[in-house]
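Working notes, structure below.
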Amino acid sequence: MALLPILSFPDPRLRTIAKPVEEVTDDIRQLAADMFETMYEAPGIGLAATQVDHHIQLIVMDISEEKNQPMVFINPKVTPLTVETQPYEEGCLSVPQIYDKVARPSRVKIEAINLEGQAFELEADELLAVCIQHEMDHLNGKLFVDYLSPLKRQRAREKVEKVVRQRDKEKVAVKR
Ligand code: K2U
Ligand code: ZN
């Protein structure tokens, strides 16, 4: 297993449109395992392959309290089931220390393929619905800050660049 580097806003690679997975291979299963390790260590409750610079339609999630209910979505399709939206205070592992409200459809249908290559579907609401829509945005090159005002987005960019510079300094200090 391996911890993977997570791309940070405004890295242009985060804007890449992910390609469908043609075949669920052992390499895909290894990447999913590495993404779970990276997500749990962050810590986070979701991670899209885009965020670790792999531009394929693969999402891992675990919204359980005990961190023991891993979910994998390959080539996911998300369909809103409600017109009404619900605001939720979102964060993002690619936009560290920035949190803001984003309104999204409160219930969705998810159709995807699992690591065994089998198709499945489920309906989601609450945190599961928020997280899968947030991750789907990543696969489409979209970030939650794109829903904010230009001024808030610029402030977020300046803060994230400062946070990442500080993290890089700390990494160098630890290596010495
Ligand atoms: O895509 C990511 O960066 C993972 C997010 C997923 C997420 C974003 C917004 C709302 C729900 C999930 C990270 O897990 S952000 C950290 C986090 C942790 C617990 C609850 C909400 C956000
Ligand atoms: Zn995110």
Side-chain angles (χ1 to χ4, degrees), residues 6-11 14-21 24 32 35-36 38-52 54-157 159-160 163:
I6 296 176
L7 301 178
S8 294
F9 173 65
D11 192 313
L14 286 168
R15 299 308 184 172
T16 309
I17 306 293
K19 292 187 169 57
V21 171
V24 182
M35 286 173 62
F36 273 117
T38 304
M39 179 189 79
Y40 287 127
E41 193 273 343
I45 59 174
L47 191 66
T50 308
Q51 294 177 273
V52 290
H54 286 265
H55 301 290
I56 57 169
Q57 294 176 17
L58 169 60
I59 292 168
V60 299
M61 283 171 38
D62 186 341
I63 62 170
S64 67
E65 289 291 325
E66 301 75 23
K67 302 296 161 223
N68 60 0
Q69 291 175 39
M71 305 172 86
V72 177
F73 302 92
I74 297 170
N75 298 344
K77 179 172 174 258
V78 173
T79 311
L81 294 176
T82 57
V83 174
E84 50 95 23
T85 62
Q86 189 103 32
Y88 189 93
E89 182 91 356
E90 298 198 10
C92 180
L93 299 176
S94 294
V95 190
Q97 300 184 26
I98 301 294
Y99 301 92
D100 215 318
K101 281 202 184 325
V102 176
R104 299 183 190 270
S106 46
R107 280 175 56 74
V108 296
K109 179 171 80 167
I110 309 167
E111 297 164 279
I113 294 168
N114 64 23
L115 282 180
E116 288 69 45
Q118 292 154 337
F120 69 96
E121 69 177 70
L122 71 146
E123 290 192 8
D125 59 7
E126 299 183 349
L127 185 55
L128 182 57
V130 173
C131 191
I132 192 65
Q133 293 178 85
H134 177 106
E135 303 309 336
M136 281 300 292
D137 275 353
H138 277 300
L139 298 185
N140 291 316
K142 196 167 176 127
L143 297 168
F144 87 95
V145 292
D146 297 341
Y147 296 94
L148 309 183
S149 69
L151 178 59
K152 278 192 170 183
R153 191 161 44 256
Q154 182 54 33
R155 284 181 175 159
R157 175 175 174 152
K159 181 173 179 185
V160 170
V163 166

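The analysis underlying the following values was restricted to heavy atoms, covering all of them including side chains, and did not include hydrogens, waters or symmetry mates.
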Using the side chain to side chain contact (heavy atoms under 4.5 Å, CB included) rule, take V72 and L115 through it: C-alpha gap first, then chi angles, then the decisive distance, then the call. CA-CA 7 Å; V72 177; L115 282 180; 3.9 Å; yes
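- S94 places no side-chain N or O within donor-acceptor distance of the main-chain N or O of Q51, the cut-off being under 3.5 Å.
- Contact detail for K101 and P87: the closest heavy-atom pair is CD-CB, 4.1 Å.
- Between R104 and E90 a salt bridge is recorded (basic side-chain N to carboxylate O distance below 4.0 Å).
- A pairwise comparison of heavy atoms in A103 and T85 identifies CB-OG1, 3.8 Å as the closest pair.
- Using a 4.5 Å cut-off on side-chain heavy atoms (C-beta onward), L93 and L47 make contact.
- You'll find the side chain of S106 stays beyond 4.5 Å of the side chain of D125, heavy atoms only.
- A 4.5 Å side-chain heavy-atom check between R155 and I98 finds every atom pair outside the cut-off.
- R15 places a side-chain N or O within donor-acceptor distance of the main-chain N or O of G141, the cut-off being under 3.5 Å.
- Annotation: side chain of V108 is not in contact with side chain of T79 (no heavy-atom distance under 4.5 Å).
- Closest approach of V160 to S8, counting heavy atoms only: CG1-CB, 4.4 Å.
- Sorted by first and then second residue, the pairs that involve residues 115-137 and meet ring-ring contact (aromatic ring centres under 6.0 Å, His included), not counting sequence neighbours, are F73-F120, H134-H138.
- The minimum heavy-atom distance between I56 and L139, with the atom names listed, is O-CD2, 3.6 Å.
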Test log, rule side chain to side chain contact (heavy atoms under 4.5 Å, CB included), inputs E135 and M61: CA-CA 9 Å; E135 303 309 336; M61 283 171 38; 4.2 Å; yes
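- Taking 4.5 Å as the limit, every side-chain heavy atom of I63 sits out of range of all side-chain heavy atoms of Q69.
- Each of L128, V60, D62 was evaluated against M71; a single residue qualifies, L128, per the side-chain contact (heavy atoms from CB on, under 4.5 Å) test.
- A distance-only check finds no donor-acceptor pair linking the side chain of N75 to the backbone of I113 [under 3.5 Å].
- Of the inter-residue distances, the one linking T50 atom OG1 with M136 atom CE reads 10.0 Å to the nearest 0.5 angstrom.
- Within the 4.5 Å cutoff, no side-chain heavy atoms of D137 are placed close to those of F144.
- Within a 6.0 Å sphere centred on CD of Q154, other residues, nucleotides and ligands contribute more than 12 heavy atoms.
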Is there a side chain to side chain contact (heavy atoms under 4.5 Å, CB included) between I6 and T38? Walk through the geometry before answering. CA-CA 8 Å; I6 296 176; T38 304; 3.8 Å; yes
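- Across all non-hydrogen atoms, the minimal contact from I17 to N140 is CD1-O, 3.2 Å.
- Between A112 and P76 the shortest heavy-atom distance is CB-CA, 3.9 Å.
- Residues passing the side chain to side chain donor-acceptor pair (under 3.5 Å) test with D100, sequence neighbours excluded: K152.
- R153 places a side-chain N or O within 3.5 Å of a backbone atom of L148 that can act as its donor or acceptor partner.
- Relative to the six-membered ring of F9, K159 misses at least one condition, a distance below 6.0 Å or an angle of at most 45° to the axis.
- Q133 contributes a side-chain N or O that, together with a main-chain N or O of P105, makes up a donor-acceptor pair within less than 3.5 Å.
- Residue Q118 places its CD atom among more than 12 non-hydrogen atoms of other residues, nucleotides or ligands, all under 6.0 Å distant.
- I45 places a side-chain heavy atom less than 4.5 Å from the side chain of K67.
- Comment: K109 does not engage E123 in a salt bridge, judged by the lack of any side-chain N to carboxylate O separation of less than 4.0 angstrom.
- Under the ring-ring contact (aromatic ring centres under 6.0 Å, His included) criterion, no residue pair touches residues 80-102, with sequence neighbours excluded.
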